[in-house]
Amino acid sequence: MSFPIPTAAYVHIPFCRRRCFYCDFPVYVTGDRVRGEASHTISQYVDSICHEISITPTFSQPLRTVFFGGGTPSLLSAKQLEQILRSLEKRFAMEPKMEISMEIDPGTFDLAHIQGYKNAGVNRVSLGVQTFTPELLKTAGRSHSVEDIFAAIDMVNQVEIPEFSIDLISGLPHQSIEQWQNSLTKGVEIAPTHISIYDLTIEPGTVFGRYYQPGDHPLPADEITVKMYELGQEILTGAGYEHYEISNYAKQGHQCKHNRVYWQNLAYYGFGMGATSYIEGKRFSRPRRIQEYYQWLNDGAIIDVEVIHEDEELLETIMLGMRLAEGLNLGVLAEKFGDQKVEKIQKCLQPHVIPGWVKLTKDRLCLNDPQGFLFSNVVLGDLFAKLS
């Protein structure tokens with residue numbers, strides 16, 4: 001089996017001033033201590049990331065996208081961000097007009113920082129707004145205020161970052177339809193090029209996981225979260241945003257190129273604590289604790305995992321590809337996995353065509369918006385059960 005060559009890199013920056021109550025990501029809580037190169041912990045981590053990059057096997061293709069996620073990447077100084085980018089450029093090379101994305105949080109940067117990020121090469125930022133309701137920010141354990149949100153937006157606009165996205169969360173404890181509509185309306189008024197909306201998931205081990213059970217009060221009832229999803233689709237598409245992925249909306253020409261790599265099940269590098277890479281059919285996650293990550297590096301950063309089986313790759317390709325509004329090209333699937341597999345997929349999905357959840361044509365398979373996206377777990381669960 002031939003494997004795609006990775007042209008995307010994810011860099012995990014785990015540092016946060018506090019852990020949000022819904023967060024299940026690998027993070028390292030710093031409190032309100034100093035940031036950037038003034039923090040020995042952050043400086044040591046940046047050096048370790050650069051070391052990992054320097055010993056990673058390379059392929060012939062330059063990078064087309066880099067994504068700094070977290071955690072809170074905006075706790076890095078511009079100098080540290082540039083240090084990582086130069087390490088990537090030295091090891092892999094970079095395409096001239098590549099996409100360099102960075103997650104940033106309100107209240108964690110000033111105008112000089114955001115200008116420094118842009119000067120270093122960042123041309124896309126994703127601002128973690130989550131909600132414009134003050135009490136819901138506190139409920140979610142966020143460290144910023146609504147005032148911080150608008151100050152951050154003003155700074156992003158001042159330095160003219162070309163691609164600007166905001167994140168919003170629905171289904172928070174005590175969140176009403178009216179509050180959700182207010183966040184959507186304000187998001188549209190801000191007019192970013194991209195908006196991501198996520199329905200709250202209660203993860204074990206989080207603060208919310210200790211206090212709440214899915215479906216229980218004060219979490220909004222299922223029928224309310226469905227209305228929230230439908231309202232998001234209605235307001236954002238009505239404002240000219242393309243609903244190109246289950247949770248993502250973009251103005252024309254402004255989709256996130258890096259995230260499309262994941263949804264198309266293509267290869268990518270991963271660097272840093274807890275980061276996942278997918279190279280030559282192998283998916284590998286690094287240690288989720290910082291000292292264990294350092295030890296893994298000291299031991300030679302060995303990646304020794306089984307190659308993903310073809311049937312497993314097929315299921316992953318379907319699961320990820322059907323998140324996209326364009327869905328899956330059946331001809332491409334048949335070329336890679338065989339005509340018989342594609343015929344079986346078409347047969348399994350026929351019952352979901354009748355209620356209007358699935359659109360199935362001669363050469364393409366996709367979920368209808370919004371009902372198909374809403375019931376994607378049902379559709380995929382049924383398909384996987386029949387294919388397994």
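Index from 1, following the sequence. In what follows, every heavy atom counts, from backbone to side chain, and hydrogens, waters and symmetry copies are set aside. Everything numeric here is computed off the predicted structure, so don't read it as measured data.
- A distance of 5.5 Å separates CD in Gln295 from CG in Asn298, rounded to the nearest 0.5 Å.
- Summarising the geometry of Ala152 relative to Phe109, their closest heavy-atom pair is CB-CZ, 3.6 Å, with the distance given to 0.1 Å.
- Taking the six-membered ring where the residue is Trp, His352 and Trp357 present parallel rings, their angle staying beneath 30° rather than reaching 60°.
- Dense packing is recorded around CD of Glu230, with more than 12 heavy atoms of other residues, nucleotides or ligands lying under 6.0 Å away.
- Under the 4.5 Å side-chain heavy-atom criterion for ILVMFWY residues, no single connected hydrophobic cluster contains both Val188 and Tyr198.
- Taking both residues in full, the closest heavy atoms of Gly70 and Glu103 are given as N-OE1, 3.0 Å, listed atom of the first, atom of the second, then distance.
- Open room surrounds NZ on Lys359; 12 or fewer heavy atoms of other groups in view lie less than 6.0 Å from it.
- The one candidate from His194, Gln255, Arg260 that meets the side-chain hydrogen bond (donor to acceptor under 3.5 Å, both in side chains) condition with Tyr244 is His194.
- More than 12 heavy-atom neighbours from other residues, nucleotides or ligands sit within 6.0 angstrom of CZ on Arg364.
- Hydrophobic clustering (side-chain heavy atoms under 4.5 Å, transitive across Ile, Leu, Val, Met, Phe, Trp, Tyr) keeps Val332 apart from Phe337.
- Atom CZ of Phe164 sits about 6.5 Å away from atom CD1 of Ile104, to the nearest 0.5 Å.
- With 3.5 Å as the limit, one finds no donor-acceptor pair spanning the side chains of Glu178 and Asn182.
- Between Tyr45 and Phe15, the ring center distance clears the sub-6.0 Å criterion.
- The neighbour count for Tyr211 OH, taken as heavy atoms of other residues, nucleotides or ligands under 6.0 Å away, does not exceed 12.
- Here Leu200 contributes atom CG and Tyr22 contributes atom OH; the two are 9.0 Å apart, rounded to the nearest 0.5 Å.
- The nearest pair of heavy atoms linking Asp105 to Leu127 is C-CD1, 4.2 Å.
- When ring centroids are compared, Phe373 and His243 come within the 6.0 Å threshold.
- Salt-bridge annotation for Glu189 and Lys186: absent, with no side-chain N of the basic residue lying under 4.0 Å from a carboxylate O of the acidic one.
- Nearest heavy atom pair, residue Gly327 against residue Cys366, reads CA-CB, 3.7 Å.
- Other residues, nucleotides and ligands contribute only 12 or fewer heavy atoms inside 6.0 Å of the NZ atom of Lys138.
- Between Phe3 and Tyr278, the gap from one ring centroid to the other reaches at least 6.0 Å.
- Taking the charged nitrogens against the carboxylate oxygens, Glu292 and Arg288 have no contact shorter than 4.0 Å, which rules out a salt bridge.
- A tilted orientation is assigned to the rings of Phe59 and Tyr269, their planes being inclined by 30° to 60°.
- Put simply, the residue from Lys282, Glu313, Glu312, Arg283 that forms a side-chain contact (heavy atoms from CB on, under 4.5 Å) with Val307 is Lys282.
- Among Phe67, Phe92, Tyr262, the one residue that satisfies the ring-ring contact (aromatic ring centres under 6.0 Å, His included) test with Tyr268 is Tyr262.
- Of all heavy-atom pairs spanning Arg19 and Cys23, the tightest one is NH1-O, 3.2 Å.
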Check the pair Ser60 / Ile5 against side-chain contact (heavy atoms from CB on, under 4.5 Å), numbers first and verdict last.
CA-CA 8 Å; Ser60 59; Ile5 294 174; 3.9 Å; yes
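- Sorted by first and then second residue, the pairs that involve residues 339-350 and meet side-chain hydrogen bond (donor to acceptor under 3.5 Å, both in side chains), not counting sequence neighbours, are Asp311-Lys341.
- Between atom CD1 of residue Ile246 and atom OG of residue Ser196 there is a gap of 12.5 Å, rounded to the nearest 0.5 Å.
- Side-chain polar atoms of Ser145 and Asp148 form a donor-acceptor pair below 3.5 angstrom.
- Residue-environment remark: CG (Asp299) exceeds the threshold of 12 foreign heavy atoms within 6.0 Å.
- In Phe25, the CZ atom is not crowded: 12 or fewer heavy atoms of neighbouring residues, nucleotides or ligands sit closer than 6.0 Å.
- Nearest approach of Leu136 to Gln175, heavy atoms of both residues: CD1-CG, 3.6 Å.
- To the nearest 0.5 Å, the span separating CG on Asn119 from CD1 on Ile114 amounts to 10.5 Å.
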